[in-house]
*Asks:* 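Here it is, the structure, as structure tokens.
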Amino acid sequence: MTPSVLADSHGRILRDLRVSVTDRCNFRCLYCLPETEAAQNFYRGHWAKLPNSTPILQQWVPKTSIFSFEEIERVIRVAAGFGIQKIRLTGGEPLLRHGLEELVARIAKIPDIEDLAMTTNGFLFAEKAQALREAGLQRVSFSLDSLDRDNFKKITGRDGLAEVLAGIRLARELGFAPVKVNAVVIREINDHELEALAEFARAQDLSFRFIEFMPLDSARAWQKEMVVSGREILERLRAKFDLQLVASDNPHSTSKRWKFSDGRGEIGIIAPVSEPFCGHCNRIRMTADGKIRTCLFSVTEHDLRGLLRGGKSDADLGEWLRAVVWQKEARHHIGEPEFVAPPRSMSCIGG
Ligand code: SAM
Ligand code: SF4
């Protein structure tokens, strides 16, 4: 093991830490927390076919287990000492965390952190945008799965399309760059909107990423038939738009990107199911209750909270983190007979 970095046993060096600041959410997306009638109606026909369809019993983490800003900052400082350079705040919905701008200001002051970003559903973004920008947040990624008000409500459980669109506009006005927008594509839910979403990216000059649906929903209702593969997405978009592949300068990028021929906007395709990129993965995650996850699909979580609250020194935490990261899984096993879905949904893991 190299002494000053977080390396795993497969030769990967980790640079990217995703920090979930809450497991709570104000949306109920049908690919993540499918608790609405509309989500159940969609899945009902498919559930009977599932061999292992026991839904996860959603249990919110007790407030006392959620890491304070001091605790999060401490972990990030320790991780930065071992080469972590990128932090992404996520959740649940990160904007539900009271005083988030204070956390952003604390992280922005850590010298080795070069990139500080947040993923949000955008519904509450307008309220917090200015304060987050001033505190030092550099980049924002929004989730937007539909441009149709009714379909947006069906997918997210919330009549919030106007607020999210306003949030995206505001992010650009305030100078967050680049502003990325992500859509999870699900067959028979929003695949008919692929071209409209791409046209939106071109018209608004946005970086828009289409993501394959992964088996991380709390209902455990995912089936491969619902996944629209990255290849199919690209074929559909190529039939309508003149797209040029963008050469990537980041070997750890999870997406392949294409530019529109008129130079406005770009689309990206993230295909973890059909074209896994595990070999280049340089990420780890920390849940809101202080568990380290070395893979999105880990079935084991490593309890940092117990150590940190048990009085361990920074040096102890660093050594522990190095040992945990060493065990990072080689790859996920989606689609293989031995695949076991993680015990918590995406909202609790922190996407
Ligand atoms: N609430 C914020 C949001 O929605 O942007 C941040 C947390 S959310 C868990 C992070 C990302 O995970 C979002 O872009 C969301 O679309 C994505 N996501 C959630 N469940 C997913 C699934 N089953 N498959 C693929 N992406 C998923
Ligand atoms: Fe949707 Fe994000 Fe909330 Fe999950 S955490 S339900 S993806 S808004």
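One is the number of the first residue; the rest follow in order along the sequence. One-based numbering, in listed order, for ligands and for the atoms of each.
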*Asks:* Is Arg202 salt-bridged to Glu199, going by a charged N under 4.0 Å from an acidic O?
*Replies:* yes
*Asks:* State the atoms of ligand 1, each with its element, that fall below the 4.0 Å cut-off from a heavy-atom position in Gly92.
*Replies:* 1 (N), 2 (C), 6 (C), 7 (C)
*Asks:* Please write down residue, atom name and distance for the protein heavy atom closest to atom 17 (C) of ligand 1.
*Replies:* Met346 CE, 4.0 Å
*Asks:* For ligand 1, which atoms, with element, lie under 4.0 Å from some heavy atom of Glu93?
*Replies:* 1 (N), 2 (C)
*Asks:* What atoms in ligand 2 come closer than 4.0 Å to a heavy atom of Tyr31?
*Replies:* 7 (S)
*Asks:* Please list, in number order, the atoms of ligand 1 under 4.0 Å from a heavy atom of Thr120.
*Replies:* 2 (C), 3 (C), 5 (O)
*Asks:* Tyr31 and side-chain hydrogen bond (donor to acceptor under 3.5 Å, both in side chains): which partner among Thr156, Asn190, Asp145?
*Replies:* Asp145
*Asks:* Report the member of Lys180, Met214, Arg88 with the shortest heavy-atom distance to atom 24 (N) of ligand 1.
*Replies:* Met214
*Asks:* Out of all atoms in ligand 1, which are within 4.0 Å of some heavy atom of Ser143? Include the element for each.
*Replies:* 3 (C), 4 (O), 5 (O), 13 (C), 14 (O), 16 (O)
*Asks:* Please tell me if the side chains of Arg209 and Ile267 come closer than 4.5 Å, counting only heavy atoms from C-beta onward.
*Replies:* no
*Asks:* Below 3.5 Å, N or O to N or O, backbone or side chain included: is there any such pair between Tyr31 and ligand 1?
*Replies:* yes
*Asks:* Are any of the N/O atoms in Gly91 less than 3.5 Å from those in ligand 1?
*Replies:* no
*Asks:* Passes side-chain contact (heavy atoms from CB on, under 4.5 Å), Leu165 versus Leu147? Steps please.
*Replies:* CA-CA 9 Å; Leu165 292 177; Leu147 290 167; 4.1 Å; yes
*Asks:* Is there a heavy atom of Ser20 sitting under 4.0 angstrom from any atom of ligand 1?
*Replies:* no
*Asks:* Taking only heavy atoms of Thr90, which atoms of ligand 1 are found under 4.0 Å from at least one of them?
*Replies:* 6 (C), 7 (C)
*Asks:* For the 3.5 Å polar cut-off, considering only N or O atoms, please tell me whether Ser347 and ligand 1 meet it.
*Replies:* no
*Asks:* Check each atom of ligand 1 against the heavy atoms of Phe213 and keep those under 4.0 Å away; list them by number with element.
*Replies:* 23 (N), 24 (N)
*Asks:* Around atom 3 (Fe) of ligand 2, what protein N, O or S atoms are found below 2.8 Å?
*Replies:* Cys25 SG
*Asks:* Look at Glu71 together with Arg309 and state whether they make a salt bridge at an N to O cut-off of under 4.0 Å.
*Replies:* yes
*Asks:* Given the rule that I, L, V, M, F, W and Y join up when any side-chain heavy atoms are under 4.5 Å apart, are Ile113 and Phe82 in one cluster?
*Replies:* yes
*Asks:* Which of the numbered atoms in ligand 1 are below 4.0 angstrom from a heavy atom of Glu212?
*Replies:* 25 (C)
*Asks:* Using a 4.0 Å cutoff against the non-hydrogen atoms of Asn121, which atoms of ligand 1 qualify?
*Replies:* 2 (C), 3 (C), 5 (O)
